Trainee: 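What follows is a single structure, and I will ask about it in a moment.
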Amino acid sequence: MTLKRLVLIISTVIAVVLATLSLVSSWQKPQFQSRLELYQINIALQAQAWQPEDSNGDNFQVIRQAILEDQPLENATQQYQAAKKSVQTNLDQLNSQLTQLSSPAKPLPQDTVDTSASPEVTKKQLQQSLYQQQKLLAELDLRLGILQVQQGQQDTALKTWAELQQPALNSDFADTSTILSGLWSNPPRILPNAQQLIKKNLDGWFRNTALIQLYQLQQRQEPLAAVKAAQQSAAAQAVFKLTLIGTIPALAALIGTILLIFLLTQRLLKGKEALLAQNDDLVWTTPWDGETVLQVFVVGFFFMGQVFVPILLSILPIPRPIVGVRLQAFSVLVSYLLVAAGALSVMYFSIKRFFPLPRLWFKFQLQDSWWLWGLGGYCTALPVVVVVSLINQKLWQGQGGSNPLLQLALESQDSIALGIFFSTAAIAAPIFEEILFRGFLLPSLTRYLPVWGAILASSLLFAIAHLSLSEVLPLTALGIVLGVVYTRSRNLLAPMLLHSLWNSGTLLSLFLLGSSN
């Protein structure tokens, strides 16, 4: 055995172990989907207050039924209670870890903190995470109480707010809960700084609801009218955003469902003459073996992304922590481009000795029907991934971690930062990942597997590479559609377009949801 092969084997084992540990550790982290659902609930609450001038007409009722939920308050209460339960679970885990840290006989789990740090640093990390979860729990309780009181559950709401008035994490939240309790008590009480604290610690529909109650009790008609007008303006915008978020993807999913049924039926009836059988008889000639594939992915992809680039960035004279959403977005883009450049360089030098490559490798052809395959694949992927995601949510119950880029994009309302995020997710990612996973990995695997097997294997590795358990099933489903589109079109521009449309749609939805809070 050569030294090179021995090093590659050892590196592969290390990469597999580290990737497995990352996946396992993601189990303890909440899914981004859980946070996203709260944003969706908030915008639905804003929209349900919509009352246009012709609100008594049939057209209004039709639009309301099509866009808005039948029981928005009840649905929102259920979502907030589920979110509260999830946060409480995280708090219990953090408290348990802090207790174990104080006990030398019990080693700290290696899944949520950097255990290579000193005990003092580790304790500080845990305390910071604990503070953030306590703050989130307080925010949820403030909002949950308003939801309960709006459904006539006044006593329940007062109990919810009373929990925040016992040793509170933040005096602002305790004072705000006292103010809310006073506004809905019998008889009501108006406390000092009520307006200031409501505006500071509540937003969207929750803020407007509390302010309307305050101004009605104070009999201040001018600010009351202003809040109601602002609420109607926000409600109209929320309806428009819900229409964009819901209607366009729903229409695309309907088209995709019809297209999927048509393609599958045609495949059964026409066999080799069907569209799904196009290019089925074309095979790649793979001149390299599995060792080259491992070299590209272990050295070029995994170690470049998890070791080399992070070390390079850590030694650069950059102020840390990186603050400001623009700098964070730029840091993500630079990191991604460095990983992509490193991985593609390793791939190039690994296969350079086989140039010129056989026919069909890395095919880019503008004058082709690639855009139809990409657009059709996007529509088809929507219902497939949605169904798989629903199953996935039941399986993981809100745990399993998520891509941190999604949270940054959701909470960023800076146009420059969003433009940088778009460059990363909708341009750089489709180009790099499709060249690597569909352009190189999938055809390479056909040396050992049939095409359908190579599609499945490359899709699973594509999903695992994102290092989040909750994303494995949905991304595998998306990868299968990407693989089918590529093997049938034999043009890398097709899966790149599909990938770009998918990420662009996700970013647009995040921007619209984030702008409503």
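Owing to the predicted nature of the structure, the values given are computational and were not obtained by experimental measurement. Both backbone and side-chain heavy atoms feed into the values below; hydrogens, waters and symmetry mates do not.
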Trainee: Keeping the roles fixed (side chain from Ser504, backbone from Leu501), state whether a donor-acceptor pair exists under 3.5 Å.
Mentor: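 No, Ser504 side chain to Leu501 backbone: no donor-acceptor pair under 3.5 Å.
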
Trainee: Looking only at atom types and distance, does a side-chain atom of Arg488 sit under 3.5 Å from a main-chain N or O of Ala277, one as donor and one as acceptor?
Mentor: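 Not a single qualifying donor-acceptor pair exists.
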
Trainee: Just by distance, do the side chain of Arg267 and the backbone of Leu276 share a donor-acceptor pair under 3.5 Å?
Mentor: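 A pair under 3.5 Å: no.
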
Trainee: Could you state the interatomic distance from OH (Tyr486) to CZ (Phe437), rounded to the nearest 0.5 Å?
Mentor: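 Going from OH on Tyr486 over to CZ on Phe437, the span is 14.5 Å.
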
Trainee: Should we say atom CZ of Phe240 is surrounded by more than 12 heavy atoms from elsewhere, each under 6.0 Å from it?
Mentor: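 Result for CZ/Phe240: open.
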
Trainee: Looking at Ile480 and Ile455, what are the two nearest heavy atoms and their distance?
Mentor: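 That would be O-CG2, 3.8 Å.
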
Trainee: Less than 4.5 Å apart, any side-chain heavy atom of Val283 and any of Thr446?
Mentor: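 No, side chains not in contact.
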
Trainee: Is any side-chain heavy atom of Trp502 less than 4.5 Å from a side-chain heavy atom of Leu497?
Mentor: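 When only atoms from C-beta onward are counted, Leu497 and Trp502 do not touch, as no gap falls below 4.5 Å.
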
Trainee: Output the distance between atom CG (Leu260) and atom CG (Leu382), rounded to the nearest 0.5 Å.
Mentor: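 These two atoms lie 11.5 Å from each other.
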
Trainee: Between CH2 of Trp370 and CG of Leu375, what distance do you get to the nearest 0.5 Å?
Mentor: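 It is 10.5 Å, given to the nearest 0.5 Å.
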
Trainee: Hey, mind stepping through Leu441 and Phe301 against side-chain contact (heavy atoms from CB on, under 4.5 Å) and telling me if it holds?
Mentor: CA-CA 12 Å; Leu441 178 62; Phe301 182 76; over 6 Å; no

Trainee: Got a second to check how far Glu434's CD is from Met496's CE, nearest 0.5 Å?
Mentor: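 Between atom CD of Glu434 and atom CE of Met496 there are 7.0 Å.
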
Trainee: Quick check against the 3.5 Å criterion: does Ser96 have a side-chain atom that pairs as donor or acceptor with the backbone of Asp92?
Mentor: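 Absent.
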
Trainee: Distance check, rounded to the nearest 0.5 Å: Gln79 atom CD versus Leu140 atom CG?
Mentor: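 The CD atom of Gln79 sits 11.5 Å away from the CG atom of Leu140.
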
Trainee: Minimum heavy-atom separation for Glu471 to Ala463, with atom names?
Mentor: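 Scanning both residues, the minimum pair turns out to be O-CB, 4.4 Å.
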
Trainee: Which atom names give the shortest non-hydrogen contact between Ala417 and Ala329, and what distance separates them?
Mentor: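 Closest pair (atom of Ala417, atom of Ala329, distance): O-CB, 3.8 Å.
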
Trainee: Is a side-chain N or O of Trp361 found less than 3.5 angstrom from the main chain of Thr285, in a donor-acceptor match?
Mentor: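 At least one qualifying donor-acceptor pair exists.
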
Trainee: Name the orientation class of the two ring planes belonging to His466 and Phe462 (parallel below 30°, tilted from 30 to 60°, perpendicular beyond 60°).
Mentor: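 Taking Phe462 first and then His466, their aromatic rings stand perpendicular (interplane angle over 60°).
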
Trainee: Among Leu460, Leu478, Val385, Val388, whose side-chain contact (heavy atoms from CB on, under 4.5 Å) with Leu473 holds?
Mentor: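 Considering Leu460, Leu478, Val385, Val388, a side-chain contact (heavy atoms from CB on, under 4.5 Å) with Leu473 is found only for Val388.
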
Trainee: If we only count heavy atoms from C-beta on, is the Gln266 to Leu269 side-chain gap below 4.5 Å?
Mentor: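 Of all side-chain heavy-atom pairs linking Leu269 with Gln266, none is under 4.5 Å.
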
Trainee: Measure across Leu337 and Ala428 and return the closest heavy-atom pair with its distance rounded to 0.1 Å.
Mentor: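 Of all heavy-atom pairs spanning Leu337 and Ala428, the closest is CD2-CB, 4.2 Å.
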
Trainee: Do Leu275 and Lys270 come close enough that some side-chain heavy atom pair is under 4.5 Å?
Mentor: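 Answer no - side chains too far apart.
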
Trainee: For residues Phe302 and Leu18, determine if any side-chain heavy atom of one lies less than 4.5 Å from a side-chain heavy atom of the other.
Mentor: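 With C-beta onward as the side chain, the pair touches.
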
Trainee: Below 6.0 angstrom between ring centroids: does that apply to Phe355 and Tyr348?
Mentor: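 Yes; Tyr348 has its ring centre under 6.0 Å from that of Phe355.
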
Trainee: Please report the closest heavy-atom contact between Gly377 and Val485, naming both atoms and the distance.
Mentor: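 Here Gly377 and Val485 meet closest at CA-CG2, 3.9 Å.
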
Trainee: According to ring-ring contact (aromatic ring centres under 6.0 Å, His included), who are the partners of Phe440, at least two apart in sequence or on a separate chain?
Mentor: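 In terms of ring-ring contact (aromatic ring centres under 6.0 Å, His included), with neighbours along the sequence ignored, Phe440 is linked to Trp288.
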
Trainee: Would you say Arg326's side chain and Leu418's backbone share a donor-acceptor pair under 3.5 angstrom?
Mentor: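 Judged by distance alone, no pair lies under 3.5 Å.
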
Trainee: With a 4.5 Å limit on heavy-atom distance, are the side chains of Asn503 and Leu507 in contact?
Mentor: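 Not touching, per the 4.5 Å side-chain cut-off.
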
Trainee: Only counting residues at least two apart or in another chain, list the ones meeting ring-ring contact (aromatic ring centres under 6.0 Å, His included) with Phe432.
Mentor: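 Result, ring-ring contact (aromatic ring centres under 6.0 Å, His included) vs Phe432: Tyr336.
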
Trainee: Would you say the side chain of Leu244 lies within less than 4.5 Å of the side chain of Leu508, judging by non-hydrogen atoms?
Mentor: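 Result no, sub-4.5 Å side-chain heavy-atom pair not found.
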
Trainee: Is the backbone N or O of Gln365 less than 3.5 Å from a side-chain atom of Asn491, with the two atoms forming a donor-acceptor pair by type?
Mentor: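 Yes.
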
Trainee: Which pair of heavy atoms, one from Val346 and one from Met304, lies closest together, and at what distance?
Mentor: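 Minimum heavy-atom separation between Val346 and Met304: CG2-CE, 4.4 Å.
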
Trainee: Apply the test side-chain contact (heavy atoms from CB on, under 4.5 Å) to residues Ser500 and Ile427: give CA-CA distance (whole Å), side-chain angles for both, the deciding distance (0.1 Å), then the verdict.
Mentor: CA-CA 6 Å; Ser500 180; Ile427 299 176; 5.7 Å; no

Trainee: Report the C-alpha separation of Phe349 and Leu344 in whole Å, then their side-chain angles, then the decisive distance to 0.1 Å, and conclude whether the side-chain contact (heavy atoms from CB on, under 4.5 Å) test is met.
Mentor: CA-CA 9 Å; Phe349 287 109; Leu344 293 178; over 6 Å; no

Trainee: Quick check: does any side chain N or O of Ser22 sit under 3.5 Å from a backbone N or O of Ser468, one acting as donor and the other as acceptor?
Mentor: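 Such a contact is absent between Ser22 side chain and Ser468 backbone.
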
Trainee: Using only atom types and a distance under 3.5 Å, with no angle test, would you say the side chain of Thr487 pairs donor to acceptor with the backbone of Val484?
Mentor: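 Looks like yes, one N/O pair under 3.5 Å.
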
Trainee: Side-chain contact, heavy-atom cut-off 4.5 Å: Pro287 with Pro358?
Mentor: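 Pro287 vs Pro358: side chains touch.
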
Trainee: Run the side-chain contact (heavy atoms from CB on, under 4.5 Å) check on Asp368 and Trp373 step by step: do they pass?
Mentor: CA-CA 10 Å; Asp368 197 351; Trp373 280 102; over 6 Å; no

Trainee: First locate atom CG of Leu498, then atom CH2 of Trp371, and finally report the distance between them rounded to the nearest 0.5 Å.
Mentor: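 Those atoms lie 14.5 Å apart.
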
Trainee: Please determine, by modelled atom types, if Asn42 and Tyr80 share a side-chain donor-acceptor pair under 3.5 angstrom.
Mentor: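 Yes, because at least one side-chain N or O of Asn42 sits under 3.5 Å from a partner of the opposite role on Tyr80.
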
Trainee: Treating Thr2 as the side-chain partner and Arg5 as the backbone partner, does any N or O pair qualify as donor plus acceptor under 3.5 Å?
Mentor: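 Checking the backbone N and O of Arg5 against the side chain of Thr2, a donor-acceptor pair under 3.5 Å is found.
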
